[in-house]
Amino acid sequence: MDDEEKGPEVTIRKIENNYIEFELVNVTPAFANSVRRAILSEVPTLAFDEVIISENGSVLFDEVLAHRISLIPLRVGEETYEALRECYEEGKRDECTVLFTLEVEANERPVTVLSGHLRYVGGYGLPEGVELEVEPVSDIIPIVKLGRGQKIVLEAIAKMGTGKEHAKWQPVSIAAYKYRPKVSVLKQPEGDMAENIATICPKKVFEIRENRLVVSREEECSLCKECVEKFPGIISVGWETSHILFRVEGLGVIPVEKIIDVALETLGKRLTKFLSVLEETIHQ
Ligand code: SF4
């Protein structure tokens, strides 16, 4: 059986905090790219979407202040997330909201207004009994610096949305993949050339062991081909398009495993819908 006939395989290689690395084998680049795009733009998250400013004595225009606030990532508890997501998927985005307030004044000395100054007020439109758990992922994200005597008072309303509408709803900072590199030494280099090849590689893929050039960190190769261009006939660099190395770094708004789950679920629903429309069209 050749590779194309085998089913897809997924192996998680590393998972820590908000970071995950996994490999996909026996898949097409189109599939991997669909997963990447779904992670970036199809996973609903919570972000500030409306900012009502009652007082703004800072140096920033209201619009800039509102924009900065909207980019503060919000960590949402599991139960809260499910309730908000259900509401969003029912088309009730503007009804299911979470309200925060912010009131800071610089009296004696200048004050940096931080995400930690946002105060949670409550959630609206969600089923009764859902215990809301929403907070900025960090308390030390700077918003604006107030000079003595300056003050801001505002309300910020968070709503669900997806990355395809605005980057503030994107749940990750990185969702990227590369083909698995295949690097080999075709011919042992002579003289200083081995040292030069090892030095020229920006990813330190090669090592010299017992006076021989060896490939020691193949997966680190970025496929830049610097070694092939500078030393033709000595090194060969290729890649396997059906073997993909994926890495995703979440912002901490929901667990990174959940982000991938929701992305795959959304992709699955879309494909099912596409197939049913296709079947209907064929049988018309
Ligand atoms: S292609 Fe670039 S990263 Fe890969 S081994 Fe060659 S020099 Fe190093």
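Since this is a predicted model, take the numbers as computed values, not measurements. Indexing begins at 1, ligand by ligand and atom by atom, following the structure's order.
Among the backbone and side-chain atoms of Cys224, an N, O or S atom lies under 2.8 Å from atom 2 (Fe) of ligand 1. Atom 6 (Fe) of ligand 1 lies under 2.8 Å from an N, O or S atom belonging to Cys227.
Salt bridge absent: Glu21 and Arg247 never bring a charged side-chain N and a carboxylate O closer than 4.0 Å. At a threshold of 4.0 Å, the pair Lys269-Glu42 does not count as salt-bridged, since none of the basic side-chain nitrogens sits closer than that to a carboxylate oxygen.
In summary, the side chains of Gln284 and Thr281 do not present any donor paired with an acceptor at a separation below 3.5 Å, with no hydrogens or angles considered.
From the protein, the heavy atom lying nearest to atom 3 (S) of ligand 1 is Ser222 N, 3.4 Å. Of the protein's non-hydrogen atoms, the one nearest atom 8 (Fe) of ligand 1 is Cys201 SG, 2.4 Å. With respect to atom 4 (Fe) of ligand 1, the closest heavy atom belonging to the protein is Cys221 SG, 2.3 Å. Summary of contacts: the protein heavy atom closest to atom 5 (S) of ligand 1 is Phe206 CE1, 3.6 Å. Lys225 N, 3.0 Å is the protein heavy atom nearest to atom 1 (S) of ligand 1.
Around CD of Glu78, the count of heavy atoms belonging to other residues, nucleotides or ligands within 6.0 Å does not exceed 12.
Evaluated for a side chain to side chain contact (heavy atoms under 4.5 Å, CB included) with Asn56, the options Val153, Val144, Asp62 yield exactly one hit, Asp62.
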